[in-house]
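Written out below as structure tokens is the structure these notes cover.
What's counted below: heavy atoms across the whole structure, side chains too, no hydrogens, waters or symmetry copies. Computed from a prediction, not measured in an experiment: that's the story for all the values here.
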Amino acid sequence: MLDFPKFNQEPDRSGEGEQPVSDKHPDLSEEELNARHAEKMRKKKAARDKIMATKTIEKGLTIVHTGKGKGKSTAGFGMLFRSLGHGHRVGVVQFVKGRIETGERKALERFSDLVTVKRMGEGFTWETQDRQRDIDAARQAWEAAKEMITSGEYRLVLCDELNIVLRYDYLPIEEVVDFLKNEKPDDVHVVITGRNAKDELIEVADLVTDMTQVKHPFRSGVKPQEGIEF
């Protein structure tokens, strides 16, 4: 698991991991347990409402899904579909997976009036085996992403696997960070996926999630499957 610096406080999770009231008070009747639970939840809701009342800022976020575990792109597309549910226009730039016909791409075709998808990548770098070709593809994808983000047409833009091209230095991290800090519109969410997110990107992001791999079927000889990996 990546050792991310603690840039801000974790969300309030008071009560997580606590014992059920029935375990703490096995001598109480069901009615008494229900009453204790209701009072406890009332206090918890009051505390939560007090915390939420202090959260007044609304802004476009820079969101990073990284780590060795599966689910980074899946989480990014999940946010994208959530935005679609609210009627927002969204954009996708795929930096690496351009040759793969994915289920999410097929699903998004049903929302063609709200979605723009640009498959700019040509596959993973071990497939092309051509560094300059990869650099050129990364540059074209980044220019397309910047155009989407600044166009004023999209509420959310997903830069799928951007972290991969940054990892191989196909794009200067300084350029990407500078754009996100100084040119990204305040009302646009940008979601970036891919393992090995660079520290500079983590620092400027508003939300960073590290997908930790606990177990993966690939290690047991199971191949990538339609509907799960793509």
Salt bridge between K118 and E143, side-chain N to carboxylate O under 4.0 Å?
no
Taking the side chain as C-beta and beyond, is there a heavy-atom pair between [X] and [Y] under 4.5 Å?
X: L84; Y: L108; answer: yes
X: R105; Y: V117; answer: yes
X: V92; Y: Q94; answer: yes
X: D186; Y: K59; answer: no
X: Y168; Y: I135; answer: no
X: L158; Y: V90; answer: no
X: R219; Y: Q213; answer: yes
X: I192; Y: H65; answer: no

Derivation and outcome, side chain to side chain donor-acceptor pair (under 3.5 Å), residues T66 and D210:
CA-CA 5 Å; T66 191; D210 175 31; 5.7 Å; no
Is [Y] reachable from [X] through a run of hydrophobic residues whose side-chain heavy atoms are each under 4.5 Å from the next?
X: V176; Y: V191; result: no
X: F81; Y: L61; result: yes
X: V190; Y: V177; result: yes
X: L80; Y: V157; result: no
X: V96; Y: F77; result: no

Over all atoms of both residues, closest heavy-atom pair of E161 and S73
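It is OE2-OG, 3.7 Å.
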What are the two closest non-hydrogen atoms of A138 and Y170, and how far apart are they?
CB-CB, 3.8 Å
Would you please say whether a donor-acceptor pair under 3.5 Å links the side chains of E109 and S112?
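No, no side-chain donor-acceptor pair sits under 3.5 Å.
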Are there over 12 heavy-atom neighbours, none belonging to [X], within less than 6.0 Å of that residue's [atom1]?
X: Q132; atom1: CD; value: yes
X: E39; atom1: CD; value: yes
X: E58; atom1: CD; value: no
X: R139; atom1: CZ; value: yes

Counting the benzene-type ring for Trp, do W142 and F179 have ring centres under 6.0 Å apart?
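W142 vs F179: aromatic centres under 6.0 Å.
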Exactly one of V64, L201, T62 should register a side-chain contact (heavy atoms from CB on, under 4.5 Å) with V208. Which one does?
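Output: one option passes, namely V64.
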Would K181 and E200 count as a salt bridge (Lys or Arg N to Asp or Glu O under 4.0 Å) if you check the C-alpha gap in whole Å, the side-chain angles of each, and the deciding distance to 0.1 Å?
CA-CA 11 Å; K181 287 175 61 177; E200 297 93 329; over 6 Å; no
